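Keep in mind it's a predicted model, so treat the numbers as computed, not measured.
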Amino acid sequence: MAYQFKEIEKKWQERWEKDGAFKTKEFSSPKFYVLDMFPYPSGLGLHVGHFKGYVATDIVARLKRMQGFNVLHPMGWDAFGLPAENYAIKTGIHPEITTEKNVDNIRNQMKIAGLSYDWSREINTTEPDYYKWTQWIFLQLFKKGLAYKKILPINWCPSCKTGLANEEVIDGKCERCGTETTKKDIEQWVLKITDYAERLLDDLEGLDWPEKIKEMQRNWIGRSEGWEPVFKIKDSLFDIPVFTTRADTLFGCTYLVLAPEHPIIKDLEIDIENPDEVSLYLEKAGIKSERERISEVKDKTGVELRGVKVVNPINNKEIPVFVADYVLGHYGTGAVMAVPAHDQRDFEFAKKYNLEIVWTVKPEQGEIDKSKAFVEDGVLFDSGEFSGLGSDEARKKIGEYLSKQNLAEKKVYYKLRDWIFSRQRYWGEPIPIINCEKCGTVPLKEEDLPLKLPHIEKYQPTGTGESPLAAIEEWVNVECPKCKGKARRETNTMPQWAGSSWYYLRFIDPDNQKELVDKKKEEFFMPVDLYVGGADHAVLHLLYARFWHKFLFDLKHVSTKEPFSKLRNVGFVLAPDGQKMSKSKGNVIAPDEIIEKYGADAFRIYEMFMGPFGEAIGWSENGVKGVYKFLNRVWNFSIKNKDNKESPKELIAEINKLNKRVSEDLEKMKFNTPIAFFMEFLNFAEEKQAGKDVLERMLVLLSPFTPHICEELWEILGNKESILKQKWPEYDKNLIKEERIELVVQINGKVKDKIEAKNGLSEEEIKEIVFQSEKVKKWTEGREVVRFLFVPPSLINIVVK
RNA sequence: GCCUCGGUGAUGAAACCGGUAAACAUACAGCACUUAAAAUGCUGCGGGCAAAACCCUUGUGGGUUCGACUCCCACCCGAGGCACCA
């Protein structure tokens, strides 16, 4: 008979809630903080993919509770952001209302899946009580000079009508809507994440994170070490420093290239003999979109500044100067020394404009292939006193030689750019700043926080670079806190990523009105012991959160250098057709219908059984049916044996084996194999008489995976106290040892025979048994036995000639 | 181009530290139960053969080893990330 999952699941979910079974205790050691990346409360609800991570952390949370940990396992809502606002534009329904509705729906989805969150700690980034502290952190950043305003050519999404951070531009397109971004000069709030570049890079070392994510962050931060030689401009007081990692190729530098944005171009105006040509080029470069720049990688364009020459500091050669947009204004000094012989980009440019190519580095062996640049390290020639040196040594020697004459400096640059922090949209945290005509930028007083987001009727973005908030006169026009004169509020809002950059701290102390988090509680619960979410946040959320955390650490508001000590990525759940699930493709599978048809327990173990946790795997309803069948067998097996007292020895060995395998694999964050082990165990045990001891152990081990059915059967077996209170069982390795085993006999490494024998025999005894085998005789007859290898407990390899 | 993962039956996959390749499931086929279907149970299921014996098989080619999915070298393919970063 099929087990009645609907009644059972409802019954236990209500019981757990009534008992407050998942409430975290304050200051009860040891603690374990296991956290999911909190979701955006979309109107579609969550699909089965979101639950893969949630079920895994839930299993860990339940396991850790049984192992005696005081588990902090909270959930909340990252509810600011564009979709709610776009929905409001379309329907006129306020984001506050849609957010609340969506949150209720998703919270319910999580509850019917039996996820063991401590709901008393629920947070929502759009509640003033929460964003008060997001704003507070912003004020601290401002006070430390880490939040500043700047007119910048930013990435602009013409569809979302807002500026974007570099991290939000993927392939020249808006991360949200896929529209191609353009450049726009707007005054922006910028956070100085670059001040933390070195620490963000160095501290990755100690983290138990997937190597992939660490590597992505390293690349994003992009540290590079080199020298910055100075090129003097001929007949001028100006000079131009350039950054290079290849100081060893300096003798091969035959021209200099400036980025179109380089300020010195203006200073040189009077010397330039071809001003029309130059300004035409600059104009063209300025309007190019990010996309165009990327697509033109192969076709380098530029223009010479005729009449301007610079001097190569290493050999005093006069060389020409070009402007080209393959040199970026925002990296290094915005100027490069071009060495066409040893840099592929310079090589292409030199070929196109017929510039001199001077070879100064050759490979240690063989000749240079002069059809392309030789970019590897090698041995210097035609390089004065440095000829004959290897590249590595030459870099150092040349750098030091120049720096003695104050013609170069050792330098480190990072690819990481400051975080563009303002958005010209409505549905976000207002930036707590007042712009006064007299006093300039004035921060709000901390006691005036939260600065509430006003309720408005018109959400349409203005497209002018101002947010819709700018239209609300009574909100915008305020008195300056400093001089009491006329002033205007900052109308930009914070980006999507603000609220999620510190939310893990608020779970520790969600109702604190006086501070962001109580110091003692923070010290107790931090860091997050296990953080689980998709790999798609590798350089956005995970980098921003680390930055804010380090900042709070410097202010002594948090006690750890890093927020998340262990991170694991969950793989996508794809639609049955192998495609990504999306509303537009109509292939989204909701957990609700699966739970309705097969129950939460079946849903939960299917999510885990479908494959390795980190891999992307297609959904299969037949797979759900398969594990549902398994749960029915667990039910029937337990009911059938519920009155048995004792178990046979072989079953005791088997349950200990199961115990070992499940414990070990859970420790390694493997969730698919333990389920296979349970199935194997049941296949073995089903026909046998099982006693209460074995049944109970099985249920306790299974309970983190499928808590409802286990609770019910646990009760049926006569237990009064919830299975949640049981200790995670230890296995006895002496009981696992089998009495009889199968010897596997190989001849020259190939399996030829299998012989059953007593376990634990000596090599001599085994040898005797093995050579009695007909098959072994057949293969060894007339041949010389060179070696006899015995690999305990069961493998034998006989090497014959 | 660079970086990081991957490549095993029809499918999802398993295999600890180098030791029986394909556990566990799904699909499929056959049988039982049923008036019938579903559900359930049983059997089979990498390939060369219908079968035993035997041989082959973890992307390809080579190497190390008594023994390689696992280690080393070269290459091919796929996914994700970065991408004119000097």
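- In this structure F771(A) satisfies the ring pair (Phe, Tyr, Trp, His ring centres under 6.0 Å) test together with F788(A), sequence neighbours excluded.
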Using a cut-off of under 3.5 Å, enumerate the N/O to N/O pairs linking the protein to nucleotides 1-9 of chain B.
none

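- The ring pair (Phe, Tyr, Trp, His ring centres under 6.0 Å) search around F609(A) returns none, not counting sequence neighbours.
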Polar atoms only, N or O, under 3.5 Å: list the protein pairs with nucleotides 14-18 of chain B and their distances.
unit_1: A14(B); atom_1: OP1; unit_2: N672(A); atom_2: ND2; d: 3.1
unit_1: A15(B); atom_1: OP1; unit_2: K670(A); atom_2: NZ; d: 2.7

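- Between the side chains of T301(A) and Y281(A), at least one donor-acceptor pair of N or O atoms lies under 3.5 Å.
- Scanning for ring pair (Phe, Tyr, Trp, His ring centres under 6.0 Å) contacts around W359(A) gives H342(A), with sequence neighbours left out.
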Table of protein N/O atoms under 3.5 Å from nucleotides 51-58 of chain B N/O atoms:
unit_1: C55(B); atom_1: OP1; unit_2: K752(A); atom_2: NZ; d: 3.2
unit_1: C55(B); atom_1: OP2; unit_2: K752(A); atom_2: NZ; d: 3.3
unit_1: C56(B); atom_1: OP1; unit_2: K750(A); atom_2: NZ; d: 3.3
unit_1: C56(B); atom_1: OP2; unit_2: K750(A); atom_2: NZ; d: 3.4

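- Judged as a side chain to side chain donor-acceptor pair (under 3.5 Å), and not counting sequence neighbours, the contacts of R604(A) are D58(A).
- Applying the salt bridge (charged side-chain N to carboxylate O under 4.0 Å, His left out) rule to pairs touching residues 607-632 of chain A yields K597(A)-E621(A), sequence neighbours excluded.
- Between Y331(A) and A86(B) there is a side-chain polar atom (N or O) within less than 4.0 angstrom of OP1 or OP2.
- When heavy atoms are screened at a 4.0 angstrom cut-off, I617(A) is found touching the sugar-phosphate backbone but no base atom.
- Residues satisfying the ring pair (Phe, Tyr, Trp, His ring centres under 6.0 Å) criterion with F637(A), sequence neighbours excluded, are absent altogether.
- Partners of K580(A) according to the salt bridge (Lys or Arg N to Asp or Glu O under 4.0 Å) rule, which considers only residues two or more places apart in sequence or in another chain, do not exist here.
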Checklist entry - Which nucleotides of nucleotides 37-48 of chain B have their base under 4.0 Å from a protein heavy atom (B), which only their sugar-phosphate (S), and which neither (-), written as one string 5' to 3'? => result ---SS-------
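- The number of heavy-atom neighbours closer than 6.0 Å to NZ of K372(A), taken from other residues, nucleotides and ligands shown, is 12 or below.
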Next on the checklist: Counting Watson-Crick and G-U wobble pairs with both distances under 3.5 Å, what is the dot-bracket string for RNA chain B, 5' to 3', using [ ] for crossing pairs and | for pairs to another strand?
Outcome noted: (((((((..(((......[....))).(((((.......))))).(((.....)))..(((((..]....))))))))))))....
